[in-house]
Structure formats: C-alpha cells, structure tokens
Amino acid sequence: MRLVFVGPPGAGKGTQAKFICEKFGIPQISTGEMLRAAKTAGKLPTELVEKMGLGGLVPDEVVNGLIAERTTQDDAKNGFLLDGFPRTVPQGEALGGLLKDRGQSLNVVLALDVPGELLIERAVLRRTDKRTGQIYHLKYNPPPQGADLEHRADDQEDVVKKRVDVYEKMTAELLPYYDKLGLLRRVNGVGTVDEVKGRVFAAIGSK
Ligand code: ADP
Ligand code: ADP
C-alpha cells in the first residue's frame with residue numbers, strides 16, 4: 001500500500017494515519033516530523049528553521065531528498081503512508097518519477113476535508129506525548145495524567161491560519177493534479193475520530 005495522505009493542518013491526518021499504518025503494516029513518513037527531528041538535532045540550516053517557524057514551505061529539493069532516502073529503508077518494503085508530502089506539483093512529479101524508476105506506483109491519494117473554523121480549534125488544543133508520539137486534544141481526546149506533553153511552536157492561532165492559507169494555495173494545484181491521474185479520494189473529516197476512520201477505510205477499499 002503506497003498512499004499519500006493530504007489535508008490541512010489540524011485535520012486529523014496524524015490521528016487517522018496511525019490506524020491505516022497499523023492495518024497495513026507500513027510506516028508513516030512525515031516530512032514535517034523529519035524536519036522537526038533535524039531541527040532538534042541541530043542539523044537544519046537556520047534559514048529553514050525560520051521558514052518553518054513562520055509556516056512557510058522549505059524548498060522542494062530538501063523534502064524530495066528526504067523522501068527519496070526514507071522510502072528505501074527496510075520498513076518501507078510493503079509500502080508507506082506519506083503525510084505532508086507532496087505539497088506541490090513539482091514534489092508530486094518528483095515522487096512519481098522516483099517510484100517509476102523503482103517499478104512502483106501510488107495506490108491512492110486520500111484528501112481529508114475539514115472546514116477552517118474547526119482546524120484552528122483542533123490545532124491550537126493539540127498536544128503530543130514526547131515519549132510515545134501519541135496525539136491528544138485538550139478537549140476531544142484529553143491526555144492521561146503523567147503524559148510528557150509537547151505543544152508545537154507553530155500550533156498558535158495566527159500561525160495555524162497562515163498554514164491553512166498555504167495549504168489552500170497548495171491544494172488548488174495538487175488535488176486537481178492527482179484527480180487527473182485518477183488517484184484522488186476525498187473524505188469528510190468532520191465527526192468523531194471513529195466516524196472519520198470508517199470513511200477513511202471505505203475510501204481506500206478496506207474495512
Ligand atoms: P494533522 O496531523 O492533520 O495536523 P492531528 O491528527 O494531529 O492532525 O489532529 C489535530 C488535533 O485534532 C489533535 O489534537 C487530535 O487529537 C484532534 N483530532 C483528530 N481527529 C479529530 C476528530 N475527528 N474530532 C476531534 N478532534 C480530532
Ligand atoms: P502541518 O501540520 O502544517 O501539515 P507539517 O508537520 O507537515 O505541518 O510540517 C511542518 C513544516 O515543515 C511546514 O510548515 C513546512 O515549513 C515544512 N514542511 C513539511 N513538509 C514539507 C513539504 N513537503 N514541502 C515543504 N515544506 C514542508
């Protein structure tokens with residue numbers, strides 16, 4: 001299963017991705033996570049750290065390189081779920097080319113649709129456990145006592161708004177690109193985690 005998961009920040013991609021990855025035994029590959037890890041390790045150039053902090057995109061070559069390398073690792077043998085990549089048509093083309101060279105292709109591009117006003121609330125109240133990576137929400141999925149919580153620097157209302165704007169501009173081209181390739185499935189992301197999960201599995205043709 002080779003799948004691209006698309007959706008605005010705070011839509012619930014990380015939450016749903018976990019279910020898909022468990023079901024298919026594939027890794028979730030998130031360029032945002034990889035970039036944050038590089039930043040924490042002090043390996044990300046300052047200008048890219050600044051771009052990320054402002055909610056802008058880092059250059060295509062940077063993320064294309066990360067993905068080319070990561071998808072050849074052992075745990076990606078049975079496929080992968082890409083989260084946060086591709087974000088631009090050139091990134092989509094780079095991914096297509098890379099897979100083609102390996103005699104592979106994408107199975108599906110899943111787009112999770114959630115309206116703007118819900119995104120702000122979902123992102124601003126998001127907390128992640130540093131040790132386990134588990135995603136919580138202060139209102140909808142409260143963390144247990146003793147969780148070692150992290151609040152992402154870019155999960156502030158004004159930055160989330162900027163990231164949503166960037167997402168909308170991006171998908172204006174990326175989604176039609178994948179629609180033309182016959183790969184796009186859209187899923188309504190409004191509802192409980194379980195309701196959305198049901199729609200997600202229906203859309204990728206699995207229960
Ligand atoms: P993304 O990866 O798309 O940015 P997350 O999966 O991290 O989104 O979810 C964003 C926040 O919204 C998290 O705090 C998560 O617990 C919460 N969340 C996810 N799905 C739902 C849902 N269906 N209803 C309410 N809150 C949700
Ligand atoms: P979001 O929750 O906004 O979807 P991510 O965790 O996917 O954020 O990414 C965090 C930041 O990392 C982005 O705001 C952007 O600066 C950078 N980034 C991640 N993936 C890409 C990509 N495919 N292309 C360019 N920049 C990216």
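- Side-chain contact between Leu3 and Leu82 is absent, with no heavy atoms from C-beta onward closer than 4.5 Å.
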Residue pair Val124, Gln156: steps toward the side-chain contact (heavy atoms from CB on, under 4.5 Å) verdict: CA-CA 6 Å; Val124 170; Gln156 309 290 340; over 6 Å; no
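- In this structure the side chain of Leu183 never reaches within 4.5 angstrom of the side chain of Val108, judged on heavy atoms.
- The CG atom of Leu57 sits 9.0 Å away from the NZ atom of Lys51 when rounded to the nearest 0.5 Å.
- Val160 has its side chain out of reach of Asp154: every pair of non-hydrogen atoms, C-beta onward, lies at least 4.5 Å apart.
- Between Arg127 atom CZ and Asn141 atom CG the span is 13.0 Å, to the nearest 0.5 Å.
- Remark: Lys139 pairs with Glu121 by the side-chain hydrogen bond (donor to acceptor under 3.5 Å, both in side chains) rule, at least two apart or across chains.
- Between atom OH of residue Tyr167 and atom OG1 of residue Thr171 there is a gap of 4.5 Å, rounded to the nearest 0.5 Å.
- Under the 4.5 Å side-chain criterion, counting only non-hydrogen atoms from C-beta, Arg152 is not in contact with Thr128.
- For the pair Arg199 and Asp194, the salt-bridge criterion is not met [side-chain N within less than 4.0 Å of a carboxylate O].
- Taking 4.5 Å as the limit, every side-chain heavy atom of Val196 sits out of range of all side-chain heavy atoms of Thr192.
- Cation-pi geometry between Lys197 and Phe19 is met: the NZ or CZ atom falls under 6.0 Å from the ring centre, inside 45° of the normal.
- Among residues two or more places apart in sequence or in another chain, the side-chain hydrogen bond (donor to acceptor under 3.5 Å, both in side chains) test is passed with Arg102 by Thr71.
- For Arg70, the side-chain hydrogen bond (donor to acceptor under 3.5 Å, both in side chains) test picks out Gln73, Asp75, with sequence neighbours left out.
- Between atom OG1 of residue Thr132 and atom CG of residue Asp148 there is a gap of 9.0 Å, rounded to the nearest 0.5 Å.
- Just one of Val166, Asp155, Val164 meets the side-chain contact (heavy atoms from CB on, under 4.5 Å) condition when paired with Pro9; it is Val164.
- Considering only heavy atoms from C-beta on, Val58 comes within 4.5 Å of Leu35 through its side chain.
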Stepwise side-chain hydrogen bond (donor to acceptor under 3.5 Å, both in side chains) check, Gln28 with Asp83: CA-CA 7 Å; Gln28 175 183 352; Asp83 165 15; 2.8 Å; yes
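- Cluster membership for Leu110 and Val193, using ILVMFWY side-chain heavy atoms within less than 4.5 angstrom, is shared.
- Under the 4.0 Å criterion applied to side-chain N and carboxylate O atoms, Glu22 and Lys18 are assigned as salt-bridge partners.
- Ser105 places none of its side-chain heavy atoms less than 4.5 Å from the side chain of Leu99.
- A donor atom on one side chain and an acceptor atom on the other are found under 3.5 Å apart for Asp60 and Gln91.
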